Structure formats: structure tokens, C-alpha cells
Amino acid sequence: MPLVTTTEMFAKAYAGGYAIGAFNVNNMEIIQGIVEAGKANNAPLILQVSAGARKYANPTYLKKLVEAAVEDSGLPIVLHLDHGDTFETCKSCIDSGFTSVMIDGSHHSFAENIATTKRVVEYAHDRGVVVEAELGRLAGVEDEVDVSSEDSAYTRPEEVQEFVAKTGVDSLAIAIGTSHGAFKFQSTPKLRFDILEEVGRLLPNFPIVLHGASSVPQDLVKMINEFGGAMPGAQGVPEELLRRAAAMSVCKINIDSDLRVAFTGNIRKYMSENPSHFDPRQYLSPARSAITDIVSHKLINVLGCAGKA
Ligand code: G3H
Ligand code: 13P
Ligand code: ZN
């Protein structure tokens, strides 16, 4: 099976009340760790590449590694551009064989976001590629927000119908209180399910995307802290909130930080317990297995997409 788009995956996820995991990939071990979990659980996968990943690993290497994952696993796998910033970045990924791209115009005005997204959609659809866009702005972890500026970052449901109609976009990322990184909430985690519900009512049968959805498991944070790291106060999105979102119109849930914490925590532990070792295969093996463990947990217990390949 070649790389696939999200079209069929999202239709099934929407109807089945579950979500597909979109995991960020930066190197071979992370890709292998995720794909092992997909194989063990017969789950569809979205492997996504950010601008930072493209810069770090070279897009050609990542593309070939993801193609190897498809060949090795036989699973339905989407190769997705995460947070594409310009038409040119999206075009470059489409031209090189990505099956899905995100154009993130959320920092632009509504009109500009529509114009850029529409341009990407036209180029992508002519080539059989699907497009995700974003409306609303995810809070940065360090943002000092008062209530009114915090409110202005949430997606405005009254804008979504016009945005989707004018752009022809295939899925929409919305801001309901999640944020990127490992430090998401200073006090009680809270998501605006009222916004998600209203968007779902206004856009029936339309796939919604949730970014910033790592849960930051405390056992992994503890591991990092115990072996020389410093992540006090790290806090993610509780998994029961993600399960609730997946049962609604959310069809794609983006997870990166959890994989980073699992990977790094295990490398720190291994090196701390085996300070004389210097063969990268020795410390990368447990790190890769930790990715498989956490992704399996997400597929089975959070996303609900195990067995859906
Ligand atoms: O949304 C951001 C992802 O976690 C990717 O992060 O830009 O550091 O690769 P990155
Ligand atoms: P996390 O930082 O919560 O893992 O979010 C990742 C993400 O949204 C990638 O686009
Ligand atoms: Zn994101």
C-alpha cells in the first residue's frame, strides 16, 4: 500500500467516535518506535514533519524513512507537514510526495488566513493532497494571559463555516485551551468543550484537529528529573479530556512532547545507569522502545484507534 491521505481515515474516525494519532517524527528511532506500536495494535498512523524536523533531518531522509515504514508495516500511513508557514513550504512538501499538509495561517488576519489557505488547497487538491488549516491561536506556554486576551486566542465558532466554505480545506485545527510543549497549565487543566461542541454543530461531518495534546505523564517527568533533568511543574492535557474530544468531532490528535519526554527520559536513565557505555545503539534501543510503549498506550487508551487500520 502506498502512502495514503487522511480522507478515508477521518471519515471512519468521525463515524466511529475515535481519533487518529498524529505523531511528530525527527529521526529513524522515533519513526520505528511509532510504527512498531502501529503494527502491534493494527492502527492507522499520521507521521508528521515540522519545519524544525525538515531542518534537522533533511526532508529527503524523512520521506524515505516514512516510505520504509509503509513497506515494513503495510499500515495506512499519512505523511503530513506540521505547521506549514507559507504556500512555498506546503508546495515543496506536496511536490516531494507528502499526502497531507497543514497551512498554519492562524497568526494572520482572518482574510489573509483564508487567502493563503485557499491557495494551498487549490494547489494540493489538483495533486490529490489534503490540507489542514487552523483558526484561533494556541496559547504559548509562557504567555501571560488575562481573560480577555486569552479569550481572543480561542477559535470563534462564528467564523468556521465561512472559513471552510471559502477555502475548501479538508480539516480544521481549533484552539480550545491546549497549547504546545510540556508546560500547558499553571492551575487546573480546562478545555472549552462548549467551543468544540458549537463548531461540531456548525460543521457536521467535518474533521476537527487538536494540537498541543500531549498529556506529559508524570512518571516520565519524574524519570527525567531523577536522572539529572529539570522539568518541575510540567503538566499536560488529562487523557480523559482527550478521550472526550475524540468521541466528538476531533479526528486527529497531535502528540509530540510526550514522545520527547519518553525518549529523553530513557536516554538519561540509561546513561546514568551505564556511564561507561558509548555505543548509541545501546541507549537508543530503550528510548525507541519507550516510544513504542507510549504510542501503544495512546492508540489503545486515548485515541481509540487500535484495530482500525
Ligand atoms: O507543534 C510543534 C511540534 O511539537 C513540533 O515541534 O517545531 O520543535 O519540531 P518543532
Ligand atoms: P504537544 O507539544 O502537546 O505534543 O503538541 C504537538 C503538536 O501540536 C504538533 O503540531
Ligand atoms: Zn501543533
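These numbers come from a predicted model, not from an experiment. First listed ligand is number 1; within each ligand, the first listed atom is number 1.
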heavy-atom search around atom 3 (C) of ligand 1 in the protein gives Asp256 OD2, 3.4 Å
Indicate whether the side chain of Gln161 and that of Lys166 have a donor and an acceptor atom separated by less than 3.5 Å. no
Atom 9 (O) of ligand 1: the protein heavy-atom neighbour that sits closest, reported with distance to 0.1 Å: Ser50 OG, 2.6 Å
Please find the N/O/S atom of His211 nearest to the Zn ion (ligand 3) and write down its name. ND1
Of the side chain and backbone of Asp256, name the one, both, or neither that has a heavy atom under 4.0 Å from an atom of ligand 2. both
Any idea which atoms of ligand 1 are less than 4.0 Å away from a heavy-atom of Asn24? 3 (C), 5 (C)
Under 4.0 Å, heavy-atom basis, I'd like to know which part of His83 is in contact with ligand 1: side chain, backbone, both or neither. side chain
Asp258 N/O under 3.5 Å from ligand 2 N/O: no
Judged by modelled atom types alone, do Glu132 and His211 share a side-chain donor-acceptor pair under 3.5 Å? yes
Would you say ligand 2 has an N or O under 3.5 Å from any N or O of Asn24? no
Out of all atoms in ligand 2, which are within 4.0 Å of some heavy atom of His211? Include the element for each. 8 (O), 10 (O)
Looking only at N, O or S atoms, find the one in His83 nearest to the Zn ion (ligand 3) and name it. NE2
Please state which part of Lys55 comes within less than 4.0 Å of ligand 1, counting heavy atoms only: side chain, backbone, both or neither. neither
Measure the acute angle between the ring planes of Phe87 and Tyr123, then classify it against the limits of 30° and 60° as parallel, tilted or perpendicular. perpendicular
Atom 8 (O) of ligand 1: closest protein heavy atom, distance to 0.1 Å, is Arg260 NH2, 3.0 Å
Is NZ or CZ of Arg244 both nearer than 6.0 Å to the six-membered ring centre of Phe193 and within 45° of the ring axis? yes
Looking only at side-chain N and O atoms, does Thr89 offer a donor or acceptor that is under 3.5 Å from a partner on Thr86? yes
Got an N/O contact under 3.5 Å between Ala213 and ligand 2? yes
Just jot down the ligand 2 atoms closer than 4.0 angstrom to any heavy atom of Ile255, in number order. 4 (O)
Pick one of side chain, backbone, both or neither for how Thr178 approaches ligand 2, counting any non-hydrogen atom pair under 4.0 Å. neither
Is the shortest distance from a heavy atom of His211 to ligand 1 less than 4.0 Å? no
